[in-house]
Amino acid sequence: MSRRRALLGGIGALLLACGGLAGCGFQPLYGDLGGYGPVAQQLAAIDIGVIAEREGQLMRTNLIERLNPNGRPADPAYTLDVTLTETQRNLGVREDDTSTRGNLTIEAAFVLTDLARGETVYRDTARTITSYNILDDQFATLIAERDARDRAIRATSEQIRTQLALHFAQENTAAP
């Protein structure tokens, strides 16, 4: 019986905590559960410019999937320009001066432009560092490096989406 009371007490405390969140002004960033709030609509109105190189194409594809889940906007309100920089650094040096670990850094500088006003409304950078093993087999190392690059691009595009969403959320709450 005491286990049952403890369980019911825990459930009651959880419901009380959830009820407290509702009264504190907490609001979901992207709107309701369907994702149709004002921030999600503003994100969907962004046209993503072409980004150079293969990594840029991957970044652009990831951003389109994250910002425009229903397809590219027919009449975009904003344009997003992204510049990627990639750096590699070898770590874990053995006695024979060969590395066993590599770090890959993807940095994206991005600019959001309001097309109606023709001016920059937000500018920032996002950066992700991923690691991979450097193996004796060159092909395995190449695959590990490619996987690290893909993970970094996905994570960086998610950071960009989050930063843009926070920008729009602050802009929407600041508007009268």
Side-chain angles (χ1 to χ4, degrees), residues 28-115 120-171:
L29 181 60
Y30 299 106
D32 60 10
L33 292 177
Y36 298 111
V39 171
Q41 291 173 356
Q42 287 172 299
L43 290 174
I46 298 175
D47 184 42
I48 297 119
V50 175
I51 308 169
E53 306 294 330
R54 178 186 181 276
E55 291 78 15
Q57 293 172 359
L58 293 172
M59 173 67 75
R60 185 169 186 263
T61 300
N62 275 286
L63 286 169
I64 288 171
E65 290 172 357
R66 284 170 172 69
L67 300 177
N68 313 120
N70 297 325
R72 293 179 63 191
D75 187 25
Y78 305 93
T79 185
L80 181 69
D81 294 309
V82 180
T83 304
L84 285 182
T85 306
E86 177 183 311
T87 55
Q88 292 186 12
R89 184 171 168 213
N90 291 337
L91 308 169
V93 179
R94 296 184 200 159
E95 289 180 15
D96 64 353
D97 283 338
T98 59
S99 298
T100 59
R101 195 90 173 133
N103 268 2
L104 183 112
T105 304
I106 297 284
E107 184 171 275
F110 59 97
V111 177
L112 182 70
T113 304
D114 184 325
L115 293 174
T120 299
V121 291
Y122 187 70
R123 173 188 311 262
D124 209 341
T125 59
R127 180 182 351 175
T128 302
I129 300 172
T130 56
S131 297
Y132 60 95
N133 290 328
I134 298 174
L135 307 166
D136 292 332
D137 182 355
Q138 289 181 353
F139 181 72
T141 299
L142 179 67
I143 296 301
E145 182 182 331
R146 184 178 295 165
D147 178 63
R149 183 174 292 109
D150 290 346
R151 286 183 286 125
I153 288 172
R154 279 193 309 272
T156 305
S157 64
E158 186 60 39
Q159 284 181 38
I160 291 171
R161 176 182 180 234
T162 301
Q163 288 173 300
L164 291 171
L166 289 171
H167 163 72
F168 285 131
Q170 289 173 348
E171 187 178 79

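If you read the sequence from its start, that first residue is 1, and numbering goes on from there.
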Within-4.5 Å side-chain heavy-atom neighbours: [X] and [Y]:
X      : Y      : result
Leu67  : Leu80  : yes
Glu171 : Tyr122 : no
Leu84  : Glu53  : no

Expected output: side-chain [X] to main-chain [Y] donor-acceptor under 3.5 Å:
X      : Y      : answer
Arg161 : Leu63  : no
Asn68  : Ile46  : yes
Arg149 : Leu104 : no
Thr141 : Leu135 : yes

Distance (rounded to the nearest 0.5 Å) between [X] [atom1] and [Y] [atom2]:
X      : Y      : atom1 : atom2 : answer
Ile106 : Gln159 : CD1   : CD    : 11.5 Å
Glu55  : Thr85  : CD    : OG1   : 11.5 Å
Leu43  : Tyr78  : CG    : OH    : 9.5 Å
Ile153 : Glu86  : CD1   : CD    : 7.5 Å
Leu142 : Gln138 : CG    : CD    : 9.0 Å

Practice task
Take Glu145 and Gln88 through the side-chain contact (heavy atoms from CB on, under 4.5 Å) test and state the conclusion after the steps.
Solution key: CA-CA 10 Å; Glu145 182 182 331; Gln88 292 186 12; 2.7 Å; yes
Exercise for the section: Step through the shown structure and confirm whether more than 12 heavy atoms of other residues, nucleotides or ligands are within 6.0 Å of CG on Asp137. Expected result: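 Enclosed.
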Handout entry: Qualifying residue for side-chain hydrogen bond (donor to acceptor under 3.5 Å, both in side chains) with Thr156, from Asn62, Thr128, Thr125
Key =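 By the side-chain hydrogen bond (donor to acceptor under 3.5 Å, both in side chains) criterion, Thr156 pairs with just one of Asn62, Thr128, Thr125: Thr128.
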List the atom of [X], the atom of [Y], and the distance in Å for their closest heavy-atom pair.
X      : Y      : result
Gln163 : Asp124 : NE2-OD2, 3.1 Å
Ser131 : Ala148 : O-CB, 4.0 Å
Ala144 : Tyr132 : O-CB, 3.6 Å
Arg154 : Arg66  : O-NH2, 3.7 Å
Asp150 : Arg54  : OD1-NH1, 4.3 Å

Handout entry: Polar contact flag, side-chain donor to acceptor under 3.5 angstrom, Asn90-Arg101
Key =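 Absent: no donor and acceptor within the cut-off.
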Handout entry: Which residues share a side chain to side chain contact (heavy atoms under 4.5 Å, CB included) with Asp147, sequence neighbours left out
Key =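 Only Arg151 meet the side chain to side chain contact (heavy atoms under 4.5 Å, CB included) criterion with Asp147.
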Problem - From CA spacing to verdict: side-chain contact (heavy atoms from CB on, under 4.5 Å), Ile48, Met59 - result: CA-CA 10 Å; Ile48 297 119; Met59 173 67 75; over 6 Å; no
Practice task
Output, in order, the C-alpha distance, side-chain angles, deciding distance and verdict of side-chain contact (heavy atoms from CB on, under 4.5 Å) for Thr100 and Ile134.
Solution key: CA-CA 5 Å; Thr100 59; Ile134 298 174; 5.6 Å; no
